[in-house]
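Written below as structure tokens is the structure these notes are about.
Treat the numbers as computed from the prediction; the structure is a model and nothing was measured. Just so you know, ligand 1 is whichever comes first in the structure, and atom 1 is the first atom listed for that ligand.
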Amino acid sequence: MMVGFGCPVILWLSLAAVQGSVLGLGEDMDRPLIGPPGSPVRLHESDAGLKKALQFVEERYNQGSNAMHLRKVSRLLSATKQLVKGIRYSITVELSNTQCKKSTMLRTCDFYPEIQKLKTEVCLFEVWDIPWQGTSTLLRQKCQPKVEVQQEETNNIVDASTSQPLEDSVELLGQFKEFMVKYNKDYSSQEEADYRLFVFHENLKTAEKLQTLDQGSAEYGVTKFSDLTEEEFQSAYLNPLLSQWNLHRLMKPAPSARGPAPASWDWRDHGAVSSIKNQGMCGSCWAFSVTGNIEGQWFLKNGTLLSLSEQELVDCDGLDQACKGGLPSNAYEAIEKLGGLETETDYSYTGKKQSCDFTSMKVAAYINSSVELSKDEKDIAAWLAENGPVSVALNAFAMQFYRKGVSHPMKIFCNSWMIDHAVLMVGYGERKNIPFWAIKNSWGEDYGEQGYYYLYRGSNACGINQMCSSAVVN
Ligand SMILES: *[C@@H]1O[C@H](CO)[C@@H](O)[C@H](O)[C@H]1NC(C)=O
Ligand SMILES: *[C@@H]1O[C@H](CO)[C@@H](O)[C@H](O)[C@H]1NC(C)=O
């Protein structure tokens with residue numbers, strides 16, 4: 001059955017356009033893209049770090065251009081951040097001419113009201129920000145003129161991009177009708193059809209964003225799923241095991257500790273922890289977390305402290321995504337399959353994915369299985385003291401500007417479901433009555449306290465109890 005496309009739909013559409021301009025990019029950016037630790041995360045435009053990065057790219061852009069007028073960001077198309085040593089921002093924006101000449105130092109430069117003078121460019125920037133060093137580096141800048149669609153003159157660029165000219169509505173309706181016919185869609189009521197049209201429109205916008213960002217030869221647009229929301233699509237078509245870290249490969253539960261946790265413990269005092277390493281600009285935190293754990297397990301089994309290879313995992317662990325993130329649970333499985341880990345010296349770190357150069361002749365440490373720990377911090381402490389350093393993951397929000405001391409961020413800044421970084425828990429104790437976890441990071445010795453981060457213990461801060469695991473060496 002076809003539904004009518006009379007006035008109600010068009011009226012509704014203009015309402016949707018108004019809502020759209022209020023919500024702006026926020027609506028779909030609000031939902032973080034939760035991936036394995038180290039993987040890129042989408043950012044909301046209100047993100048403080050992003051704002052700083054945008055200012056930085058504006059400055060650099062203007063320094064490098066010969067144009068007479070200053071350009072400013074007129075529209076944020078997309079932004080992601082990835083935790084590396086510091087933060088790597090990937091930002092796509094539109095930059096448009098302001099009325100300020102470049103010589104002026106004014107910060108309040110209005111855009112040209114006439115659209116033909118705006119001379120908008122679409123730019124992709126990559127910025128590497130290391131907050132604790134106070135450095136920002138522009139890694140990449142790629143700009144091209146925006147192809148302007150003929151539009152009515154307007155005083156406000158944001159309005160121009162979100163308001164819905166009538167022809168567009170008609171075009172959209174045409175596309176939607178075509179979609180309904182092609183995929184045999186049948187909606188039960190006018191309301192349902194209106195809603196599906198709204199979803200369809202949103203999905204078209206998302207597809208456009210994907211298209212803008214695609215560096216290869218892909219095309220994005222209408223598919224048979226174009227009337228489904230992201231949630232509907234995920235629950236109907238995706239394997240939650242693949243898209244959600246909290247449903248990662250199931251591991252055996254770790255046997256509980258034999259006794260209660262001592263008041264404090266630190267594996268650094270017992271020779272089970274190698275020196276601080278540096279993951280560089282690669283989202284390989286998961287590999288460092290896992291080698292750190294295995295170094296400890298091997299030390300406790302064998303009596304020798306080795307420094308083991310992360311690069312082997314970056315190159316040869318096909319279950320994870322190298323510099324784009326990974327899960328400790330997968331890494332253990334990959335190591336079991338490979339037959340073990342080579343040493344840092346034999347297979348040294350480059351911070352880039354290369355072809356796998358592993359040879360079983362050089363295996364220095366093996367593992368036999370892996371276990372997942374309890375989510376109770378007291379149990380975790382007891383287990384750690386008896387069994388060695390633990391691979392953990394956490395929300396690294398509070399780590400970005402950390403210098404020293406015991407970090408204890410408010411829950412709203414560090415919720416336990418936004419886990420984005422994997423590290424190694426090496427000990428615990430109290431400092432001036434404040435209980436802490438001692439956490440070995442992989443951002444170099446110049447980070448935090450000689451490379452270490454101290455996080456409050458006892459309130460599951462930043463989700464520290466969520467993903468605790470260890471390899472087992474028999
Ligand atoms: C530790 O490992 C080394 C090298 O794999 C091996 O030669 C040695 O016998 C092991 N020692 C113990 C106590 O297991
Ligand atoms: C543990 O794994 C190693 C290497 O794969 C193997 O040689 C050893 O027999 C295994 N130990 C046990 C108890 O299964």
(message) Tell me if the CD atom of Gln63 is crowded by more than 12 foreign heavy atoms within 6.0 Å.
(response)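 Yes - once you tally the heavy atoms of other residues, nucleotides and ligands closer than 6.0 Å, there are more than 12.
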
(message) With a 4.5 Å cut-off on side-chain heavy atoms, are Val57 and Tyr89 touching?
(response)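 Contact flag for Tyr89/Val57 side chains = no.
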
(message) Could you tell me if the side chain of Phe179 sits less than 4.5 Å from the side chain of Arg196, heavy atoms only?
(response)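 Of all side-chain heavy-atom pairs linking Phe179 with Arg196, none is under 4.5 Å.
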
(message) Under a 3.5 Å distance rule, please check whether Gln311 uses its side chain to pair with a backbone N or O of Lys352 as donor and acceptor.
(response)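 Present.
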
(request) Please confirm whether Asn474 comes within less than 3.5 Å of ligand 2 when only nitrogen or oxygen atoms on both sides are compared. (result)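 No, Asn474 has no N/O under 3.5 Å of an N/O on ligand 2.
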
(request) Would you mind checking if Glu295 and Lys277 are paired as a salt bridge, meaning a charged N to carboxylate O distance below 4.0 Å? (result)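 So Lys277 pairs with Glu295 through a salt bridge.
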
Measure from every N or O atom of ligand 1 to the protein's N or O atoms and keep only the pairs below 3.5 Å, writing each with atom names and distance to 0.1 Å.
residue  : atom   : partner : partner atom : Å
ligand 1 : 2 (O)  : Asn302  : OD1          : 3.4
ligand 1 : 2 (O)  : Asn302  : ND2          : 2.3
ligand 1 : 11 (N) : Asn302  : ND2          : 2.9
ligand 1 : 14 (O) : Asn302  : ND2          : 3.2

(message) According to salt bridge (Lys or Arg N to Asp or Glu O under 4.0 Å), who are the partners of Glu449, at least two apart in sequence or on a separate chain?
(response)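 Counting only residues at least two positions away or on another chain, Glu449 forms a salt bridge (Lys or Arg N to Asp or Glu O under 4.0 Å) with Arg431.
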
